[in-house]
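Report on the following structure.
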Amino acid sequence: MQIKTVQTQPIEGQKPGTSGLRKKTKVFMGPHYLENYVQATFDGVGGVEGRTLVVGGDGRYFNDRAIQVILRMAAANGAAQCIIGQGGILSTPAASHLIRLRGADGGLILSASHNPGGPDEDFGLKYNGPNGGPATEGVTDKIFARTKVIDSYRIMQTHEVDLDTIGKTQVGAMAVEIVDPVVDYAALMETLFDFGKIRALFAGGFTMRFDAMHAVTGPYARAILEETLGAPEGTVINGIPLPDFGGGHPDPNPIWAKPLMDEMYGAGAPDFGAASDGDGDRNMIVGRNAYVTPSDSLALLAAKAHLAPGYKAGLAGVARSMPTSGAVDRVAEKLGVACYETPTGWKFFGNLLDAGKATLCGEESAGTGSSHVREKDGLWAVLLWLNILAETGQSVSELMTDLWSEYGRCYYSRHDFEDVDAAKAEAMVAELRAKLPSLVGSQHAGLTVSYADEFSYDDPVDGSHSAAQGLRIGFEGGGRAVFRLSGTGTVGATIRVYLEQVETDPTAFDQPTAQALSKITEAALTISDLKRHTGRDAPNVIT
Ligand code: G1P
Ligand code: ZN
């Protein structure tokens with residue numbers, strides 16, 4: 001076994017985004033590409049000598065081969081130990097838990113989340129720190145800085161590790177442990193939720209469909225929902241992880257989880273439907289004829305979390321990303337707990353959770369989570385919903401109607417304009433930024449602008465400052481439009497337009513979302529002049 005130092009040179013564009021580095025799989029498979037980024041990561045975190053790392057991914061194409069490279073490089077860089085999910089599989093929340101449970105120094109998670117997988121699709125790699133959460137801005141900057149000057153990487157020339165057999169082995173002097181990816185995570189869930197009550201719910205005939213979208217949560221959902229909680233076989237569909245997710249787009253929203261939506265809105269729909277994404281951190285919740293927006297789901301969970309044993313002491317506080325609707329703010333106000341507004345991306349919640357300032361966090365992009373790990377957690381959200389459904393005996397739509405009656409309904413939608421020429425997208429943002437001050441008081445589509453600003457964030461825990469986190473335009477009457485550029489895309493730029501309107505009149509709760517948001521939508525498009533800048537008439541995806 002020999003350690004080889006390979007001469008290399010910086011590769012342009014290895015800039016980690018909101019959640020690590022994401023590129024086309026073939027880019028990652030190119031000469032030295034993965035190796036450069038892994039070495040830059042090791043160097044950026046201050047070296048891995050003597051350290052313990054958790055390694056696993058969502059099972060997408062190239063997952064297994066990339067893990068072999070990472071292991072040989074970790075060994076060559078002097079790591080003491082790598083803990084790996086069997087078959088190279090670990091959901092993002094399970095990896096976060098394992099890092100914390102085993103007191104590891106960090107972890108490498110191989111995933112491009114909800115982006116499609118396969119040789120012509122996307123791959124990704126992210127580093128999580130010792131708290132189990134995504135690398136902080138500071139660490140990410142160091143990794144990126146290293147990619148720009150790297151001149152060599154270290155790799156051990158040795159045999160492949162058998163990733164399929166649970167147990168211990170070695171790569172050179174480095175210990176390797178292959179663990180069951182589900183067991184520890186399932187045990188954690190059992191400490192948070194009343195499994196007895198949920199078991200009784202299923203035993204009483206409650207029906208559910210969980211769409212694992214051929215992604216990583218299949219084995220987790222089957223073990224927990226079917227084998228432990230007694231949901232009938234077939235409750236979990238598309239439960240076998242596939243390298244290309246069965247050709248699908250493993251993003252749990254009404255567009256990409258349409259078969260589930262059709263079932264939930266069709267005759268004989270089950271009581272409850274849910275789905276999770278590529279790496280298991282996102283969730284979609286839908287009742288019979290009742291889709292729940294992620295922003296509303298966060299609000300409902302905040303209002304009812306105390307019904308689950310893990311949260312019976314109440315919440316220390318809640319946090320939401322800035323573009324997420326203000327529904328949870330109203331609940332927090334009534335509960336008398338703090339509500340933090342953070343930039344987009346889970347890493348900003350980490351400090352709040354570590355400091356005990358927040359217990360629940362969420363994003364409009366189908367991410368919900370709590371202090372039990374330092375990532376969002378799809379199956380956790382589903383189990384909390386099940387616990388609440390079991391305790392209240394109410395249906396999803398009854399719970400939502402009660403929530404809206406108490407706090408008002410936040411109509412909400414996100415319009416994505418994908419693969420826009422990056423220069424044009426940036427020009428649109430720059431022009432809008434420049435005119436923000438002049439917008440206040442102006443009228444668009446019959447709405448008056450009450451405020452217009454650019455969101456920036458001062459972390460209340462470490463004092464760090466994050467600038468330019470999205471442009472916000474508020475309207476009299478409680479409407480809001482937000483503009484930001486995606487940090488996770490792999491082709492061109494994606495402009496995200498987030499639209500929100502609060503409705504407090506119960507007789508108007510049954511409007512279609514597009515109708516409730518029609519004025520805000522028109523105003524947003526007029527103010528930004530999106531069509532002139534991008535040539536686009538309509539968004540590619542509306543969620
Ligand atoms: C998107 C979501 C964001 C989420 C991130 C990682 O980032 O909008 O909420 O944290 O994926 O899952 P974006 O592409 O908008 O930068
Ligand atoms: Zn994800």
Side-chain angles (χ1 to χ4, degrees), residues 15-22 56-60 90-96 109-117 122-126 128 133-135 140 212-213 215-217 220 241 245 249-253 256-257 275-284 293-295 298 319-325 341-350 361-369 373-381 412-420 425 429 455 466 468-470 482-498 539-541 543:
K15 184 175 170 44
T18 322
S19 15
L21 184 68
R22 278 188 206 165
D58 62 12
R60 70 179 61 223
L90 277 176
S91 76
T92 287
S96 179
I109 302 175
L110 301 89
S111 172
S113 189
H114 49 288
N115 295 10
D122 293 350
F123 192 78
L125 179 60
K126 68 173 172 174
N128 280 30
T140 304
M213 306 186 93
V216 80
T217 38
Y220 294 85
F245 307 120
H249 200 128
D251 195 358
N253 63 42
W256 300 115
S276 191
D277 74 328
D279 61 333
D281 57 357
R282 295 186 174 200
N283 72 88
M284 181 178 96
T293 69
S295 296
L298 176 64
R320 64 163 171 86
S321 66
M322 181 274 282
T324 304
S325 95
E341 185 177 34
T342 63
T344 296
W346 207 260
K347 60 186 161 205
F348 294 97
F349 295 135
C361 306
E363 293 195 280
E364 50 66 41
S365 54
T368 337
V373 289
R374 292 295 179 274
E375 288 278 3
K376 54 195 177 230
D377 189 344
L379 209 44
W380 166 89
Y412 188 86
S413 189
R414 183 175 102 182
H415 292 199
D416 293 334
F417 299 81
E418 294 174 342
D419 199 6
V420 173
V429 170
F455 180 60
S466 304
Q469 295 295 327
V482 170
F483 297 82
R484 64 176 279 283
L485 299 183
S486 157
T488 58
T490 53
V491 203
T494 295
I495 302 172
R496 302 207 195 283
V497 185
Y498 307 83
N540 306 65
V541 179
T543 49

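We number each residue from 1, following the sequence as shown. Order of listing sets the numbers, starting from 1, for every ligand and every atom in it. These numbers come from a predicted model, not from an experiment.
The Zn ion (ligand 2) lies at 2.8 Å or more from every N, O or S atom belonging to Ser19. Among the atoms of Asp277, an N, O or S atom falls under 2.8 Å of the Zn ion (ligand 2).
Residue contacts with ligand 1, taken as heavy atom pairs separated by less than 4.0 Å, involve Arg414 solely via side-chain atoms from C-beta onward. Using a 4.0 Å cut-off between heavy atoms, Ser19 contacts ligand 1 through its side chain alone, with no backbone atom that close.
The pair Glu341-Arg320 counts as a salt bridge, with a side-chain nitrogen and a carboxylate oxygen less than 4.0 angstrom apart. Lys126 and Glu375 are joined by a salt bridge, as a carboxylate oxygen and a charged side-chain nitrogen come within less than 4.0 angstrom of each other.
At a threshold of 4.5 Å between non-hydrogen side-chain atoms, the residues Pro323 and Arg484 count as touching. Counting heavy atoms from C-beta on, the side chains of Ser91 and Asp279 never come closer than 4.5 Å. Taking 4.5 Å as the limit, every side-chain heavy atom of Pro294 sits out of range of all side-chain heavy atoms of Arg282.
Atoms of ligand 1 found under 4.0 Å from any heavy atom of Ser365, numbered from 1 in the order shown, are 2 (C), 3 (C), 4 (C), 8 (O), 9 (O). Of all the atoms in ligand 1, the ones that sit under 4.0 Å from a non-hydrogen atom of Arg484 are 13 (P), 15 (O), 16 (O). Interface atoms of ligand 1 facing Gly345, defined by a heavy-atom separation under 4.0 Å, are 10 (O).
Side-chain polar atoms of Asn128 and Ser96 form no donor-acceptor pair below 3.5 angstrom.
For ligand 1, none of its N or O atoms has an N or O atom of Tyr498 under 3.5 Å away. Considering backbone and side-chain atoms together, Lys376 places an N or O closer than 3.5 Å to an N or O of ligand 1. Of the polar atoms of Thr344, none of the N or O atoms is found under 3.5 Å from an N or O of ligand 1, judged by distance alone. Between Arg22 and ligand 1, a contact under 3.5 Å exists for no N or O pair. For a threshold of 3.5 Å applied to N or O pairs, the pair formed by Ser113 and ligand 1 contains no separation below that value. Between Leu485 and ligand 1, no N or O atom pair is found at a separation short of 3.5 Å.
Restricting Asp281 to its N/O/S atoms, the shortest distance to the Zn ion (ligand 2) is reached by OD1. The N, O or S atom of Asp279 with the smallest distance to the Zn ion (ligand 2) is OD1.
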Next on the checklist: Set out, in order, the CA-CA distance, both residues' side-chain angles and the distance that settles side chain to side chain contact (heavy atoms under 4.5 Å, CB included) for Asn540 and Asp416, then state yes or no.
Outcome noted: CA-CA 6 Å; Asn540 306 65; Asp416 293 334; 5.7 Å; no
Next on the checklist: Assess the residue pair Val429 and Phe483 against the criterion (side chain to side chain contact (heavy atoms under 4.5 Å, CB included)); give the C-alpha distance rounded to whole Å, side-chain angles, the decisive distance to 0.1 Å, and a yes or no.
Outcome noted: CA-CA 8 Å; Val429 170; Phe483 297 82; 5.7 Å; no
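The side-chain contact (heavy atoms from CB on, under 4.5 Å) with Asp277 is formed by just one residue from the set His114, Lys376, Met213; it is His114.
Of the candidates Arg496, His114, Glu363, it is Glu363 that places a heavy atom closest to atom 4 (C) of ligand 1.
Remark: minimum distance from atom 16 (O) of ligand 1 to any protein heavy atom is reached at Gly487 N, 2.6 Å. Distance from atom 14 (O) of ligand 1 to its nearest protein heavy atom, with residue and atom name: Thr488 OG1, 2.4 Å. The shortest contact between atom 11 (O) of ligand 1 and any protein heavy atom is with Arg282 NH2, 3.1 Å.
Taking the six-membered ring for Trp and thresholds of 30 and 60 degrees, Phe417 and His415 have ring planes inclined between 30 and 60 degrees apart. In this structure, Tyr498 and Tyr412 have tilted ring planes: the angle between them lies in the 30° to 60° band.
Considering every non-hydrogen atom in both Ala95 and Ile109, the closest pair reads CB-CD1, 3.7 Å.
Contact analysis leaves Ser321 out of contact with ligand 1, as no non-hydrogen atom separation drops below 4.0 angstrom.
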